Asker: 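One structure, pasted below without further comment.
Predicted model only: the values in this text are computed from it and were never measured. So you know, we letter chains A, B, ... as the sequences are listed, proteins then strands, and number each from 1.
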There are 2 protein chains.
Amino acid sequence: MARSPTTADAFNAIAERRRRDILDLLARGERSVNQIGAALDLAQPQVSKHLAVLSKVKLVSVRKAGQQRLYRLNADALKPVHDWLKTFERLWNERLDRLDEYLKELQKEKPNDGDT
Amino acid sequence: MARSPTTADAFNAIAERRRRDILDLLARGERSVNQIGAALDLAQPQVSKHLAVLSKVKLVSVRKAGQQRLYRLNADALKPVHDWLKTFERLWNERLDRLDEYLKELQKEKPNDGDT
DNA sequence: TCGATATATTCCGATAAGGGAATATATAGT
DNA sequence: ACTATATATTCCCTTATCGGAATATATCGA
């Protein structure tokens with residue numbers, strides 16, 4: 001077996017920096033292929049190819065407007081990735097939580113000491 | 001150029017399903033290589049190789065314990081991925097927000113109508 | 001229908017992944 | 001030093017990437 005195709009799922013699709021850049025850009029509204037290329041300094045064929053990958057995993061949708069194709073972000077397709085990461089949130093919050101509790105302990109020892 | 005190496009960053013490293021499985025497992029505590037293999041039904045060399053990738057991007061750390069190597073999750077290395085996804089959160093909350101406002105509108109029109 | 005613009009597809013070359021099998025290294029116990 | 005166990009590394013194979021260049025397709029306007 002080889003590496004999973006980039007079109008296998010959102011995890012593989014967003015591994016590529018350029019594709020994340022495209023998604024970042026589309027988060028601000030729909031764009032044509034050439035607009036994307038101009039904004040990100042990418043050649044047109046590469047943009048089309050990246051968009052094809054993003055399309056296959058439903059991260060973007062297309063709309064015809066004359067000779068242009070306007071691509072739009074479909075953020076829902078990122079949710080599985082976000083959901084997976086959420087299970088780790090507590091791990092990097094624990095430190096902050098401990099700091100929080102520590103501060104609360106200080107509060108108990110020295111109540112109403114706000115401005116001194 | 002070819003596809004970015006899996007060791008380039010966390011984004012590329014977590015694209016592989018097995019490696020996400022390993023991280024899920026390590027979220028519950030440190031494990032030896034063979035424990036991981038047993039839990040996930042993976043051959044030992046593949047486990048070592050996946051762990052090597054995860055090590056290079058700092059997603060795990062190792063600790064010697066006799067002949068064993070105990071691997072531990074380093075969740076901090078997932079933060080960049082999580083931070084990137086956070087910028088999209090509002091996009092999939094907007095629908096819910098609109099639903100929320102719609103429900104509040106209903107509340108105004110028909111106050112205290114809870115059980116009918 | 002023809003020319004121009006916008007986008008998609010194809011072919012190429014270089015790179016590397018991931019599994020399997022075999023082998024190398026490390027550490028413990030005797 | 002020798003054996004057994006745990007882990008790492010290497011080799012081979014198939015597959016797929018990504019960029020670049022060239023080409024194909026689509027749509028508009030005259």
Side-chain angles (χ1 to χ4, degrees), chain A residues 1-23 25-26 29-73, chain B residues 1-23 25-26 29-73:
Chain A
M1 230 178 262
R3 206 205 296 209
S4 302
T6 55
T7 52
D9 53 41
F11 285 95
N12 283 281
I14 67 170
E16 177 70 17
R17 172 69 98 148
R18 313 289 193 168
R19 283 193 287 267
R20 291 199 300 278
D21 291 342
I22 291 175
L23 294 178
L25 182 60
L26 293 183
E30 64 181 3
R31 299 281 140 97
S32 73
V33 175
N34 274 342
Q35 283 179 322
I36 295 170
L40 303 179
D41 198 40
L42 286 173
Q44 176 268 314
Q46 331 302 334
V47 176
S48 284
K49 281 186 276 189
H50 282 310
L51 287 169
V53 172
L54 295 172
S55 281
K56 264 179 207 143
V57 298
K58 311 283 186 193
L59 274 165
V60 298
S61 57
V62 210
R63 180 169 77 84
K64 287 190 186 178
Q67 4 179 209
Q68 306 188 320
R69 303 294 136 102
L70 298 182
Y71 282 84
R72 172 188 295 274
L73 172 66
Chain B
M1 229 178 265
R3 207 206 294 211
S4 300
T6 55
T7 53
D9 52 41
F11 286 95
N12 282 281
I14 67 170
E16 178 71 16
R17 174 64 93 169
R18 314 287 193 171
R19 284 194 287 265
R20 291 200 301 277
D21 292 342
I22 291 176
L23 295 178
L25 182 60
L26 293 183
E30 64 181 5
R31 300 281 141 98
S32 74
V33 175
N34 274 343
Q35 283 177 321
I36 295 170
L40 303 180
D41 197 41
L42 286 174
Q44 176 268 315
Q46 332 303 332
V47 177
S48 284
K49 281 185 276 189
H50 282 311
L51 287 170
V53 172
L54 294 172
S55 282
K56 264 179 209 144
V57 298
K58 311 283 187 193
L59 274 165
V60 299
S61 58
V62 210
R63 180 168 77 84
K64 288 190 185 178
Q67 3 177 209
Q68 307 187 321
R69 303 295 135 102
L70 299 182
Y71 282 84
R72 173 188 293 274
L73 173 66

Asker: Quick check on D:dT5: is either OP1 or OP2 less than 4.0 Å from any side-chain nitrogen or oxygen of B:Asn34?
Answerer: no
Asker: Could you give the CD-to-C1' distance, from B:Gln68 to D:dA8, as a whole number of Å?
Answerer: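 The distance from CD of B:Gln68 to C1' of D:dA8 comes to 15 Å, rounded to the nearest Å.
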Asker: Once you round it to whole Å, what is the distance between P of C:dT7 and CZ of A:Arg31?
Answerer: 13 Å
Asker: Between A:Arg19 and A:Ala65, name the one whose nearest nucleotide on DNA chain D is closer to the 5' end.
Answerer: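 That would be A:Arg19.
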Asker: How long is the span from the CG atom in A:Leu73 to the CD1 atom in A:Ile22, to the nearest 0.5 Å?
Answerer: 11.5 Å
Asker: Could you check which of D:dT15, D:dA6, D:dA26 has an atom nearest any side-chain atom of A:Arg69?
Answerer: D:dA26
Asker: Looking only at heavy atoms, which two atoms of B:Leu26 and B:Tyr71 are closest? And how far apart?
Answerer: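 Closest approach of B:Leu26 to B:Tyr71, heavy atoms only: CD2-O, 3.5 Å.
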Asker: Could you state the atom-to-atom distance from CG of A:Leu70 to C1' of C:dT7 in whole Å?
Answerer: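 Rounded to whole Å, this separation is 12 Å.
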Asker: Considering all heavy atoms of both residues, which atom of B:Ser4 and which atom of A:Arg3 are nearest to each other, and what is their separation?
Answerer: O-NH2, 2.6 Å
Asker: With sugar-phosphate meaning primed atoms plus P, OP1 and OP2, does B:Ser4 contact a base, only sugar-phosphate, or nothing at under 4.0 Å between heavy atoms?
Answerer: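 No contact at all - B:Ser4 keeps every heavy atom at 4.0 Å or more from the nucleic acid.
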Asker: Assign B:Gln44 to base, sugar-phosphate, or nothing according to its heavy-atom contacts below 4.0 angstrom with the strands shown.
Answerer: base
Asker: Rounded to the nearest Å, what distance is computed from the CG atom of residue A:Asp41 to the C1' atom of nucleotide D:dG19?
Answerer: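 Taking CG of A:Asp41 and C1' of D:dG19, I get 14 Å after rounding.
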Asker: How many Å lie between CD on B:Glu30 and P on D:dA6, as a whole number?
Answerer: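 Between P of D:dA6 and CD of B:Glu30: 17 Å.
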Asker: Distance check needed: D:dA8 P versus B:Leu51 CG, whole Å only.
Answerer: 7 Å
Asker: Out of C:dA17, D:dT5, C:dA6, which nucleotide sits closest to the side chain of B:Gln67?
Answerer: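 From the listed options, D:dT5 comes nearest.
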Asker: Need to verify one output field. Residue with the more 5' nearest nucleotide on DNA chain C, B:Ala2 or A:Tyr71?
Answerer: A:Tyr71
Asker: Apply side-chain contact (heavy atoms from CB on, under 4.5 Å) to the pair A:Leu23 and A:Val60, showing each step before the final yes or no.
Answerer: CA-CA 8 Å; A:Leu23 294 178; A:Val60 298; 4.0 Å; yes
Asker: If you look only at distance, which donor and acceptor atoms sit under 3.5 Å apart when one is on a side chain in residues 38-53 of chain A and the other is two or more places apart or in another chain?
Answerer:
residue: A:Gln44; atom: NE2; partner: A:Ser48; partner atom: OG; Å: 3.1
residue: A:His50; atom: ND1; partner: A:Arg19; partner atom: NH1; Å: 3.1

Asker: Using 0.5 Å steps for rounding, measure from the CG atom of A:Leu54 to the CZ atom of A:Arg20.
Answerer: 11.5 Å
Asker: Return the polar atom pairs (N/O with N/O) between nucleotides 19-21 of chain C and the protein under 3.5 Å, or none.
Answerer:
residue: C:dG19; atom: OP2; partner: B:His50; partner atom: NE2; Å: 3.0
residue: C:dG20; atom: N7; partner: B:Gln46; partner atom: NE2; Å: 3.3
residue: C:dG20; atom: O6; partner: B:Lys49; partner atom: NZ; Å: 2.8

Asker: I need the CZ-P distance between A:Arg3 and C:dA16, as an integer number of Å.
Answerer: 10 Å
Asker: Does any pair with a residue in residues 51-65 of chain B pass side-chain hydrogen bond (donor to acceptor under 3.5 Å, both in side chains), and if so which ones, sequence neighbours excluded?
Answerer: B:Glu30-B:Arg63
Asker: Would you classify A:Ser48 as touching base, sugar-phosphate or nothing, given that sugar-phosphate means primed atoms plus P, OP1 and OP2, and contacts are heavy atoms under 4.0 Å?
Answerer: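 A:Ser48: base contact, heavy atoms under 4.0 Å.
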Asker: Take the protein atom NZ of A:Lys64 and the nucleotide atom C1' of D:dA26, then report the distance between them rounded to whole Å.
Answerer: 8 Å
